Amino acid sequence: MDEHLSVGPVGSTFFGQTLEQHLLHMQRQQAGATGDFTGLFHQIALAAKIIASQVSKAGLANILGLTGDVNVQGEEVMKLDVFANTTLVRCVQQGGHVCVMGSEEVAEPIPVPPQFPKGKYVLQFDPLDGSGNIDINASIGTIFSVHRRKTAGNGPGTLEDCLQPGRDIVAAGYVIYGSSNMFVYSAGQGVHGFTFDPAIGEFFLSHENLRIPKRGDTYSVNEGNYHKWSDGVRAWVDWIKKDEPSRSAYRLRYIGAMVADFHRTLLRGGIFAYPSDRKNASGKLRLLYEASPLAFVCEHAGGAASDGQQRIVDILPTALHQRTPLYIGSPDDVADALRFVG
Ligand code: AHG
Ligand code: MN
Ligand code: MN
């Protein structure tokens, strides 16, 4: 980052680098960049601002509660899930940067309407992650990934464009709607975090080149599933919560919104896991728009992400809504988990 862009008066973000300035700066360093990618990110950031604004006034807007619908995962959909999904689709589809989208809230790939041009990218997202937290005013988020289209031509994209492994991601990230709103992303050149200044309406660079600690001291897992886990997963959790000669017992932290649990893990170190269990052979989390994007971000911050057998980013997807077990976080903590469950 340019030195002169990063320095602002104390207490002000006004002379800090905005997300857009940062993307333009990165674009200028990329030979042959067309601005398409920057344009797509602009649409995603716009959607994030609209969602953030709606999330922050959820109670006021009387938007709390359930729509009564059931999504493709068989879960009740909350009103803000639908709002966030619609916002992302509407903001992105008219930009001309994507050929198809994939969303947790929609059973099939989402086509770009005929009146809009089709672009070279594929956007997949969990529009609102941790939606069970809306009614209790705890952190929630949006997760997204961007791939290049695989199918030839300029026509509509297909399911094939969506079913790409995490290692082929061009950029991925998340937005967390918490005590402050943050936009965190990687396009393969470091992981960068931007904090939203509501007075100005912009995301400002606040966490440049984030690196996850090599090891942490917290574990994050739904231990209510203990009796459904395999012996290996139980043995790992039994071990991590015990004092050992070389370390104290790990602390348990579990918000129940993956974005929030991952964000803490990224900043502080440690591990977040959602293992498979006797009822759910592939765990709970979705590969394409939950595990894969965060695995990409985590690896680019120096961390690791595995399903217990292989890197998350190496899994070849076969279905839009497929699930995967997940162990993600500090490299040493993930390696420890894999000694038990791998
Ligand atoms: P979503 O709200 O998008 O359906 O995702 C919820 C996910 C994830 O955010 C979280 O880590 C996990 O569900 C929590 O599951 P448990 O309640 O089973 O612990
Ligand atoms: Mn989710
Ligand atoms: Mn969701």
Side-chain angles (χ1 to χ4, degrees), residues 47-48 51-52 54-55 58 64-67 69-89 101-107 110 123-145 172-178 218-229 233 237 252-266 270-295 297-298 305 307 312 320-329:
I51 297 167
Q54 205 63 26
V55 165
L64 284 168
L66 309 172
T67 61
D69 294 340
V70 170
N71 73 9
V72 289
Q73 319 294 342
E75 300 156 338
E76 280 183 317
V77 179
M78 305 190 91
K79 280 185 183 171
L80 272 177
D81 289 277
V82 178
F83 176 84
N85 183 67
T86 308
T87 302
L88 269 158
V89 170
M101 288 174 268
S103 164
E104 180 192 11
E105 299 300 331
V106 184
I110 306 166
L123 178 69
Q124 304 198 72
F125 47 83
D126 176 352
L128 215 50
D129 175 66
S131 48
N133 275 344
I134 295 168
D135 282 343
I136 55 156
N137 208 354
S139 296
I140 49 181
T142 297
I143 309 172
F144 65 90
S145 73
Y174 61 89
V175 188
I176 181 166
Y177 313 107
T218 60
Y219 72 108
S220 187
V221 65
N222 182 349
E223 227 172 307
N225 291 329
Y226 186 89
H227 292 289
K228 287 187 259 167
W229 287 337
V233 177
V237 167
L252 170 63
R253 294 286 184 272
Y254 193 69
I255 296 169
M258 186 195 184
V259 165
D261 282 313
F262 176 73
H263 186 65
R264 181 198 56 250
T265 303
L266 179 64
I271 182 165
F272 168 84
Y274 209 108
S276 58
D277 58 53
R278 276 206 304 277
K279 273 196 173 157
N280 308 293
S282 300
K284 176 180 186 186
L285 299 172
R286 279 55 64 105
L287 175 65
L288 282 171
Y289 41 80
E290 291 184 317
S292 233
L294 296 190
V297 169
C298 192
D307 69 355
I312 291 289
L320 193 58
H321 298 287
Q322 88 185 58
R323 298 172 193 262
T324 178
L326 177 66
Y327 299 84
I328 188 168

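Since the model is a prediction, treat every value here as computed from it, not as a measurement. All heavy atoms count here, side chains included; hydrogens, waters and symmetry mates do not. Order of listing sets the numbers, starting from 1, for every ligand and every atom in it.
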With Arg323, which residues qualify under salt bridge (Lys or Arg N to Asp or Glu O under 4.0 Å), at least two apart? none
Looking only at heavy atoms, is any part of Glu223 under 4.0 Å from ligand 1, and if so is it the side chain, the backbone, or both, or is it neither? neither
Checking Tyr274 against Asn225: is there a side-chain donor and acceptor pair closer than 3.5 Å? yes
Report the protein N/O/S neighbours of the Mn ion (ligand 3) that fall below 2.8 Å; do not count waters. Glu104 OE1, Asp126 OD1, Leu128 O
Residue Phe272 vicinity, atoms of ligand 1 by number, heavy atom under 4.0 Å: 11 (O)
Which protein non-hydrogen atom lies closest to [atom], naming both residue and atom, and how far is it?
atom: atom 11 (O) of ligand 1; answer: Met258 N, 3.3 Å
atom: atom 15 (O) of ligand 1; answer: Lys284 NZ, 2.9 Å
atom: atom 10 (C) of ligand 1; answer: Gly256 O, 3.4 Å
atom: atom 2 (O) of ligand 1; answer: Gly130 N, 2.8 Å

What do you reckon, does Tyr274 have a nitrogen or oxygen under 3.5 Å from a nitrogen or oxygen of ligand 1? yes
Can you say whether the rings of Tyr254 and Phe272 are parallel (under 30°), tilted (30 to 60°) or perpendicular (over 60°)? parallel
Nearest heavy-atom neighbours spanning Ile110 and Ser103: CD1-CB, 3.7 Å
